[in-house]
Amino acid sequence: MKKRLLALCLVAVMAVLLLPACSQKEEKSEKTTASTTDEKPDAAKEKLPTVEKVVLNEVAHSIFYAPMYVAIEEEYFEEEGIDLELVTGFGADKTMTAVISGSADIGFMGSEASIYTYNEGANDYVVNFAQLTQRAGNFLVAREEMPDFTWESLKDKDVLGGRKGGMPEMVFEYILKKNNIDPEKDVRINQSIDFGSTAAAFSEGQGDFTVEFEPGATNLEKEGKGYVVASLGTDSGYVPYTAFSAKQSYIEKNPETIQGFTNALQKGMDYVQSHTPEEIAAVIEPQFKETDLETITTIVKRYYDQDTWKSDLIFEKESFELLQDILEEAGELDKRAPYEDLVTTEYAEKSVK
């Protein structure tokens with residue numbers, strides 16, 4: 001009993017002795033917090049943003065979209081309070097379906113899909129809020145090296161092309177027409193092969209040429225089964241090839257999320273503008289585990305050298321109208337869509353300030 005009483009007394013004494021110290025710590029903590037709050041009222045919000053789950057459906061998983069993967073790997077989305085789930089749609093039609101149905105919050109695809117949907121009369125149509133690439137990302141691959149290649153070389157040849165109405169095929173035909181080649185009369189274009197399967201078909205002997213995204217083009221070269229002879233991105237000029245979009249209703253209900261998402265992307269764009277292809281490749285390597293670093297670097301450099309990525313995400317009217325010119329020339333557009341309805345630059349403009 002005495003021992004227990006003694007122990008209780010010791011506890012009481014210790015509590016009394018520690019009380020002033022605790023008070024001082026609490027007082028110091030309060031002062032520090034107050035001082036920080038006075039100096040930087042938004043600091044706490046910046047460090048601990050509300051986490052928002054966002055499902056992003058991408059048209060394809062390609063090194064062509066390097067700035068987006070930089071933003072993921074450098075955790076720029078987390079910095080903006082976004083828990084990003086990335087899903088690959090394997091085609092603009094599938095990505096658009098995911099956005100319209102609500103299984104994806106944001107879609108990343110060619111902007112032609114938003115024009116088609118709008119013209120079909122969708123009430124809650126999809127709006128583009130950030131442009132990523134400004135050149136086509138595919139390359140023309142031949143069966144042999146052609147240092148003196150000209151587009152005239154495609155006349156009366158078999159070419160493995162892309163899906164009718166898709167950006168890869170339309171840009172290809174746009175280039176042919178620029179070079180006075182009729183896509184229907186002068187060239188035999190095979191559009192029956194699924195996206196992503198053309199490289200395999202070419203390696204098995206189909207076609208004299210094939211239009212390939214990366215890593216298909218580089219892999220054909222490594223295997224000695226093909227040679228890149230032209231860049232569609234270089235020969236087509238600046239084209240608004242891919243953009244991020246969401247339904248009107250989602251943007252209206254979640255403006256802060258859209259802004260945070262765009263901010264994260266802009267950080268990725270800033271990174272690729274200020275780093276070497278080797279540095280970019282090293283950052284995005286985890287996104288392409290099936291591809292060795294040397295190949296990733298080769299592909300990044302190819303895109304880097306042709307000025308693939310914009311310095312900002314602003315989708316300008318001139319680019320949108322050029323896109324519609326291409327659609328019209330391809331016979332895929334009966335009525336032009338208004339830029340003011342299908343594009344907003346609000347978030348992209350804020351992200352660069």
Side-chain angles (χ1 to χ4, degrees), residues 58-73 108 110 131-151 153-154 159-162 166-172 174-175 195-196 198-200 202-203 207 209-242 268-311:
E58 59 176 0
V59 64
H61 198 71
S62 171
I63 296 167
F64 184 38
Y65 313 132
M68 175 172 67
Y69 304 127
V70 167
I72 291 172
E73 293 300 323
F108 175 60
Q131 180 188 336
L132 186 75
T133 53
Q134 62 182 0
R135 287 192 184 273
N138 38 5
F139 301 88
L140 185 70
V141 179
R143 293 206 171 275
E144 57 187 32
E145 292 184 272
M146 301 178 68
D148 299 322
F149 170 82
T150 66
W151 289 97
S153 305
L154 293 184
V159 182
L160 305 186
M167 278 301 290
E169 178 62 24
M170 288 190 294
V171 169
F172 176 49
Y174 175 71
I175 293 171
F195 179 82
T198 50
F202 187 75
S203 65
F209 295 85
T210 182
V211 178
E212 292 296 327
F213 272 102
E214 294 288 13
T218 296
N219 286 340
L220 284 169
E221 285 192 323
K222 288 179 66 177
E223 294 165 5
K225 294 183 177 180
Y227 301 89
V228 172
V229 295
S231 162
L232 274 71
T234 299
D235 289 351
S236 64
Y238 291 109
V239 174
Y241 207 82
T242 49
M269 300 293 269
D270 292 341
Y271 187 98
V272 300
Q273 293 293 330
S274 59
H275 290 75
T276 65
E278 290 76 15
E279 291 169 324
I280 297 166
V283 169
I284 68 172
E285 183 183 13
Q287 288 285 325
F288 301 93
K289 295 177 181 176
E290 74 288 352
T291 307
D292 62 84
L293 182 58
E294 182 182 353
T295 300
I296 295 172
T297 305
T298 298
I299 295 169
V300 169
K301 189 174 189 309
R302 192 169 268 166
Y303 286 135
Y304 188 94
D305 289 344
Q306 70 173 32
D307 195 25
T308 293
W309 305 299
K310 285 167 60 66
S311 59

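Please read all numbers here as calculations on a predicted model, not as lab measurements. Values below: all heavy atoms of this structure, side chains included; hydrogens, waters and symmetry mates excluded. Quick note: residue numbers are just sequence positions, from 1.
- Counted by atom type alone, Gln273 and Ser311 present zero donor-acceptor pairs between their side chains at under 3.5 Å.
- Between Pro67 and Met269 the shortest heavy-atom distance is CB-SD, 3.5 Å.
- Ion pairing between a basic and an acidic side chain is recognised when a charged N comes within 4.0 Å of a carboxylate O; Glu221 and Arg302 show such pairing.
- Under the 6.0 Å cut-off for aromatic ring centres, Tyr69 and Phe288 qualify, their centroids lying closer than that.
- With respect to the salt-bridge test (charged N to carboxylate O, under 4.0 angstrom), the residues Asp235 and Arg135 do not qualify.
- Looking only at distances, no side-chain donor or acceptor of His275 sits under 3.5 Å from a matching main-chain atom of Asp270.
- Surrounding CD of Glu294 are at most 12 heavy atoms belonging to other residues, nucleotides or ligands under 6.0 Å away.
- The main-chain N or O of Thr150 is found under 3.5 Å from a side-chain atom of Ser153 such that the two form a donor-acceptor pair.
- Taking the side chain as every heavy atom from C-beta outward, Val171 and Tyr241 approach each other to under 4.5 Å.
- No side-chain donor-acceptor contact under 3.5 Å links Ser62 to the backbone of Tyr65.
- Between the side chain of Glu279 and the main chain of Thr276, a donor-acceptor pair closer than 3.5 Å is present.
- For the ring-ring contact (aromatic ring centres under 6.0 Å, His included) with Phe139, the qualifying choice from Phe64, Phe172, Tyr227, Tyr303 is Tyr303, the only one to do so.
- Looking at Lys225 and Phe202, their side chains never come closer than 4.5 Å, going by heavy atoms from C-beta outward.
- You'll find the side chain of Phe213 reaches within 4.5 Å of the side chain of Pro168, heavy atoms only.
- When Ile280, Thr295, Asp305 are each tested for a side chain to side chain contact (heavy atoms under 4.5 Å, CB included) with Val300, only one passes: Ile280.
- You'll find the side chain of Val229 stays beyond 4.5 Å of the side chain of Val141, heavy atoms only.
- No side-chain donor-acceptor contact under 3.5 Å links Lys310 and Thr133.
- Side-chain contact, Thr198 with Glu212: a donor N or O sits under 3.5 Å from an acceptor N or O.
- When the ring pair (Phe, Tyr, Trp, His ring centres under 6.0 Å) test is applied to Trp151, the partners found at least two apart in sequence or on another chain are Phe149.
- Side-chain contact check for Leu140 versus Leu154: some heavy-atom pair is nearer than 4.5 Å.
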- request: Let me see the working for Ile175 and Leu232 under side-chain contact (heavy atoms from CB on, under 4.5 Å), right down to the final yes or no.
  value: CA-CA 8 Å; Ile175 293 171; Leu232 274 71; 3.7 Å; yes

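- Residues passing the ring pair (Phe, Tyr, Trp, His ring centres under 6.0 Å) test with Phe209: none are found, sequence neighbours excluded.
- No side-chain heavy atom of Ile72 sits under 4.5 Å from any side-chain heavy atom of Ile284.
- No side-chain heavy atom of Pro240 sits less than 4.5 Å from a side-chain heavy atom of Gln134.
- A 4.5 Å side-chain heavy-atom check between Val239 and Met167 finds at least one atom pair inside the cut-off.
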